[in-house]
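Proteins get letters first, then strands, A, B, ... in listed order; numbering begins at 1 in each.
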Amino acid sequence: MPDSLATLLVHPLFVLPLNVAGFLGGLWLYRRSGTTLLHPIVGASLLVAGILHALGIDYGDYQHASAALYALLGPAVVALAVPLKQNLAIIRRAAVPLTVTLCVGAVLAPLAGVGLALLMGASGPVLAALSGKAVTTPIALAIAGRVGAAESLTVGIVVFSGVVGAVLGPPLMRRLGAGDPRIVGFVLGINAHAIGTARALEISALCGAFAALAMGLCGALTAVLLPLLVGA
Amino acid sequence: MAAGNRQQSLTARRAGGWLAGAALLLAANLAGNWLQAALALPVPGAVLGMLSLLLGLLVYGSVPRGLAEVSGALLRLLALLFLPAATGLFFLDDLSPLDWLGLFAATVFGTLASIALCALLLKKLLRRYAPPGSGEDHHA
């Protein structure tokens, strides 16, 4: 391969359009297939990984060239304050049950994951990445940096938990007699974050509001507690 | 012509609102980072930025339209923003098969167990503190 072509392939001018194209492809696949299993991030990362392999692009170079996207993650976390503010009035009435469930869920979600992985004999880096599994990806990435977990592993686990929760969660809760949209939304927000919130919005606006709320609060709570626990 | 001018000034005002909204997000993010560094807090700066923006919005009383639109657009693009990190999952080759198995089981069963327990707990608590259609429920 000529040098100039190799330089172009790891230049932001090639990598950023590649990311956007992969994202649009993933979105198209998701809408076309109509199944939650093919969430845009699943299709998009498969497409981009395939192209990187095909063109022989090193992952580190690709990641470096994608810096502009990483830079926007911080403002995206800050933007979560908007749905939080907009939904604050709805939850006042159920404040006590929501607060208790949030505190229990924020501890339970990572604990269930880490505990099971420990039983299966997984190693330290895997356990560290699992501890951030219950929070939405941008917050999980920020936490991963602080507790020393591999960020791609963390994102993979977050995305995978989200898909599992969004697909299997609502039927499971209906079967348990907990089909109240407030319950389904809030529990999806705690356990399946952004993907669960998207799924909850498909069920009803009220369900989506509770999911957005739980996602934001659970993320903030885990972000505060986890580095303290791991640091201790 | 007058209608066209008004249209133009409306567009300019909306664009101004977007810029102001984007500036607000950046400012809150920077303030959070600064706060984290200055006080050596264990919480990520962006989360502190989110909390300070929420506090600001509560004091202000409502969400400015430009900020709401920029935030909505950014949150819809979340999947694009973490695409590079998610792609890295296919380039991890230092994990043992045992790690993969543990990861898979922990994710699937851990998520389902946690969902079931949270849902049952919230159902019980809601029935006690805030049954659907009680008192001042104006959503029903």
Open item on the list: Going by side-chain contact (heavy atoms from CB on, under 4.5 Å), name the residues that satisfy it together with A:A21, two or more places apart in sequence or in a different chain.
Closed with: none

Open item on the list: With a strict 4.5 Å heavy-atom criterion, list every residue of residues 23-32 of chain B that contacts chain A, or say none.
Closed with: B:L25, B:L26, B:A28, B:N29

Task: side-chain contact (heavy atoms from CB on, under 4.5 Å) evaluation trace for A:Y62 with A:N19 - done: CA-CA 10 Å; A:Y62 156 79; A:N19 280 320; 2.6 Å; yes

Task: Atom group of A:L172 that falls short of 4.5 Å from chain B, counting heavy atoms - done: side chain

TODO: Sort A:L24 into side chain, backbone, both or neither according to what part of it lies under 4.5 angstrom from a heavy atom of chain B.
DONE: neither

Task: B:K123 (side chain) donor-acceptor with A:M173 (main chain) under 3.5 angstrom - done: no

TODO: Mark yes or no for whether B:S114, through its side chain, and B:G110, through its backbone, hold a donor-acceptor pair below 3.5 Å.
DONE: no

TODO: Sort A:L46 into side chain, backbone, both or neither according to what part of it lies under 4.5 angstrom from a heavy atom of chain B.
DONE: both

TODO: Count the heavy-atom pairs under 4.5 Å between each of A:S66, A:G165, A:G74 and chain B, then report the option with the highest count.
DONE: A:G74

Task: Proximal to chain A - members of residues 55-74 of chain B, heavy-atom separation under 4.5 Å - done: B:L57, B:L58, B:G61, B:S62, B:V63, B:L67, B:A68, B:S71, B:L74

TODO: Using non-hydrogen atoms and a 4.5 Å limit, figure out which bit of B:L120 sits close to chain A: side chain, backbone, both or neither.
DONE: side chain

Task: Results of side-chain contact (heavy atoms from CB on, under 4.5 Å) for A:L47 - residues two or more places apart only - done: none

TODO: Among B:L117, B:L54, B:L80, B:L53, single out the residue with the greatest number of heavy-atom pairs under 4.5 Å to chain A.
DONE: B:L80

TODO: Would you check if A:V20 and A:L16 make a side-chain contact, meaning some heavy-atom pair closer than 4.5 Å?
DONE: no

